[in-house]
Amino acid sequence: MLGSCKINFRNIFFTYNLTSRTYSSSKQLVNLSYELNDKYKSSQALVIAHGLFASKENWRSLAKRINDLTKLKVYTVDLRNHGDSRPYMPNMTYIDMANDLENFVNEIVINRDQVDHITLMGHSMGGKTVMSLALKNVIGPVNVDQIIVADISPSVSPSLINIKSYLEKMKTIDMNLVGSNLIQGRKEIDKILCELPSLKKDVNQRQFILTRLKEENGRVKWNFNLDSIMTHYQDIMNFPEFDNQYHNPTLFLGGERSEYITEKDLPTIEKYFTDYKFVKIPKAGHVIHFDNPTETLKAIKNFICF
């Protein structure tokens with residue numbers, strides 16, 4: 001468990017884009033692209049992993065606020081096949097993503113930045129990645145003090161059918177025929193997405209998907225690897241089976257209006273996590289950090305700084 005948060009007084013903000021390489025263990029890892037908020041030069045850190053289709057950019061504003069509130073270093077990463085983490089890879093299981101994240105923690109957070117207390121936090125797919133990292137080895141990740149899991153449980157996600165239909169609709173879009181600038185491209189793709197009834201009525205989800213477009217070399221592209229996500233969407237919606245338990249403090253945050261984690265998930269949580277708290281974020285759906293950032297920040301701070 002972390003001690004009280006320490007305060008120093010220098011202001012720093014970095015963005016690093018790292019490349020991929022093959023390691024001697026024969027596991028092909030992706031070195032994750034990330035941003036670092038380190039205004040107070042702390043020796044303690046919070047590492048945040050985003051959800052499906054998202055990127056580190058979706059946490060940029062909240063990461064700065066967490067840094068100011070807790071005085072911890074706050075790293076936000078692009079997980080495998082998302083954002084600026086390159087190259088895109090064909091494999092995308094939770095073990096793959098957990099290995100990438102573990103490598104980032106060891107190489108960047110610990111070895112380079114000399115951090116001595118670490119909290120991992122993940123939202124949705126990122127939460128399942130963090131849980132997988134905590135559970136994949138018998139002794140757990142030795143350098144991680146505690147974890148926070150935001151609006152997801154270690155079980156099958158309720159959006160399985162919707163996500164598959166979203167992916168199939170996105171796959172029908174010929175990106176070579178989409179307008180070459182982002183504004184026009186979003187208009188054209190929005191029109192196509194609206195052909196799917198579930199997306200036509202879900203304006204927030206549609207707008208979020210459209211924000212995941214980027215303009216690059218005169219073309220509009222998805223800012224994630226659609227092919228790999230389609231191949232592994234069953235893996236992403238499910239959760240691996242583990243024989244291990246995680247005994248360090250764990251905070252589960254759930255949106256009051258969300259179906260991604262509810263009281264019915266507690267037996268499964270208790271199977272894997274022996275020292276957990278479950279906190280509901282009022283007036284929030286699945287994207288708790290967007291729906292109610294104030295209460296989300298409060299819950300994070302209360303868990304990290306005591």
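We number each residue from 1, following the sequence as shown. These values consider heavy atoms only, across backbone and side chains, with no hydrogens, waters or symmetry-generated copies.
- Side-chain contact check for L253 versus I300: some heavy-atom pair is nearer than 4.5 Å.
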Assess whether salt bridge (Lys or Arg N to Asp or Glu O under 4.0 Å) is satisfied between R60 and E35, documenting all intermediate values. CA-CA 8 Å; R60 183 174 288 160; E35 293 178 351; 2.3 Å; yes
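- Residues Y88 and D227 have side chains that never bring a donor and an acceptor to within less than 3.5 angstrom of each other.
- Within 6.0 Å of atom CG in D174, more than 12 heavy atoms from other residues, nucleotides or ligands are found, so the atom counts as buried in its surroundings.
- Remark: the T274 side chain and the H247 side chain contain an N/O donor-acceptor pair separated by less than 3.5 Å.
- Checked by atom type, the side-chain pair N244/N137 shows no donor-acceptor distance below 3.5 Å.
- Counting only heavy atoms from C-beta outward, the side chains of R112 and E107 never approach each other to under 4.5 Å.
- With a 4.5 Å cut-off on side-chain heavy atoms, E195 and K169 count as touching.
- The two residues V220 and G179 come nearest to each other via the heavy atoms CG2-O, 3.1 Å.
- By the side-chain hydrogen bond (donor to acceptor under 3.5 Å, both in side chains) test, E216 is found to be paired with K214, K221, residues two or more places apart in sequence or in another chain being considered.
- With no hydrogens or angles considered, no side-chain donor-acceptor pair links K128 and N238 at under 3.5 Å.
- If you check the side chains of D113 and Y75, you find a donor sitting under 3.5 Å from an acceptor.
- Taking the six-membered ring for Trp and thresholds of 30 and 60 degrees, H289 and H123 have ring planes more than 60 degrees apart, a perpendicular arrangement.
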Candidate pair I148 and T119, rule side-chain contact (heavy atoms from CB on, under 4.5 Å), full reasoning: CA-CA 7 Å; I148 302 172; T119 300; 4.0 Å; yes
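- F239 places none of its side-chain heavy atoms less than 4.5 Å from the side chain of V156.
- No side-chain heavy atom of T231 sits under 4.5 Å from any side-chain heavy atom of I229.
- Of all non-hydrogen atoms in V109 and A45, the two that sit nearest each other are CG1-CB, 4.2 Å.
- Under the 3.5 Å distance criterion, the side-chain polar atoms of D145 are matched with a main-chain donor or acceptor of I118.
- Remark: the backbone N or O of Q146 is not paired with any side-chain donor or acceptor of N248 at under 3.5 angstrom.
- Hydrophobic clustering of Ile, Leu, Val, Met, Phe, Trp and Tyr side chains at less than 4.5 Å, counting indirect connections, unites F252 with L266.
- Between W59 and H50, the distance separating the two ring centers is not shorter than 6.0 angstrom.
- No option in H82, K56, R86 other than K56 meets the side chain to side chain contact (heavy atoms under 4.5 Å, CB included) test with S33.
- In this structure a side-chain-to-backbone donor-acceptor pair under 3.5 Å is present from K71 to D68.
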Begin from the C-alpha positions of T294 and R65 and carry the test side-chain contact (heavy atoms from CB on, under 4.5 Å) through to its verdict. CA-CA 10 Å; T294 300; R65 293 174 66 182; 4.2 Å; yes
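- In terms of hydrophobic clustering, with Ile, Leu, Val, Met, Phe, Trp and Tyr side chains grouped at heavy-atom distances under 4.5 Å, M175 and I192 are assigned to a common cluster.
- When all heavy atoms of A98 and L133 are compared, the pair lying nearest together is CB-N, 3.7 Å.
- The closest donor-acceptor contact from the side chain of D202 to the backbone of S198 lies at 3.5 Å or more, if one exists at all.
- Rounding to the nearest 0.5 Å places CG of N99 at 8.5 Å from CG of N103.
- A donor atom on one side chain and an acceptor atom on the other are not found under 3.5 Å apart for T250 and K277.
- Contacts of D291 classified as side-chain hydrogen bond (donor to acceptor under 3.5 Å, both in side chains), with partners at least two apart in sequence or in another chain: none.
- A donor-acceptor pair is defined here as one N or O able to donate and one able to accept, closer than 3.5 Å; such a pair exists between the side chain of E215 and the backbone of L182.
- A donor-acceptor pair shorter than 3.5 Å can be found between the side chains of N176 and R219.
- The closest side-chain donor-acceptor pair between S43 and H117, if any, does not fall under 3.5 angstrom.
- The closest donor-acceptor contact from the side chain of D78 to the backbone of D84 lies under 3.5 Å.
- Side chains of S55 and R212: a donor on one and an acceptor on the other come within 3.5 Å.
- For the pair R257 (side chain) and A284 (backbone), a donor-acceptor distance under 3.5 Å is absent.
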Would L213 and I189 count as a side-chain contact (heavy atoms from CB on, under 4.5 Å) if you check the C-alpha gap in whole Å, the side-chain angles of each, and the deciding distance to 0.1 Å? CA-CA 10 Å; L213 291 164; I189 290 174; 3.6 Å; yes
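- Taking the side chain as every heavy atom from C-beta outward, H232 and D96 never approach each other to under 4.5 Å.
- The two residues Q245 and K271 come nearest to each other via the heavy atoms NE2-O, 3.0 Å.
- Using a cutoff of 4.0 Å between basic side-chain nitrogens and carboxylate oxygens, K280 and E295 are not scored as salt-bridged.
- Enclosure of atom CD in E188 by more than 12 non-hydrogen atoms of other residues, nucleotides or ligands within 6.0 angstrom is indicated.
- What you find for V279 and A299 is that their closest heavy atoms are CG1-CB, 4.4 Å.
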What verdict does the side-chain hydrogen bond (donor to acceptor under 3.5 Å, both in side chains) test give for D275 and Y246, after you've listed the backbone C-alpha separation in whole Å, the side-chain angles of each residue and the deciding distance to 0.1 Å? CA-CA 8 Å; D275 182 11; Y246 184 69; over 6 Å; no
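- In summary, the side chains of D235 and T93 do not present any donor paired with an acceptor at a separation below 3.5 Å, with no hydrogens or angles considered.
- Taking 4.5 Å as the limit, some side-chain heavy atom of M89 sits within range of a side-chain heavy atom of V30.
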Go through it in stages, so that I can follow the logic: the residues are F273 and I147, the test is side-chain contact (heavy atoms from CB on, under 4.5 Å), and I'd like the CA-CA distance, side-chain angles, deciding distance and then a yes or no. CA-CA 10 Å; F273 300 94; I147 67 173; 3.7 Å; yes
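- Of the possible donor and acceptor atoms, none in the side chain of N143 sits under 3.5 Å from a partner among the backbone N and O of N106.
- Here the rule is side chain to side chain donor-acceptor pair (under 3.5 Å) with R80, and of N225, N91, D100, T129 only D100 fits it.
- Among all heavy-atom pairs drawn from T76 and A63, the shortest one is CG2-CB, 3.8 Å.
- Using a 4.5 Å heavy-atom threshold, the side chains of I288 and S258 count as separate.
- Hydrophobic cluster membership for V287: F290 (Ile, Leu, Val, Met, Phe, Trp, Tyr linked by side-chain heavy atoms under 4.5 Å, directly or transitively).
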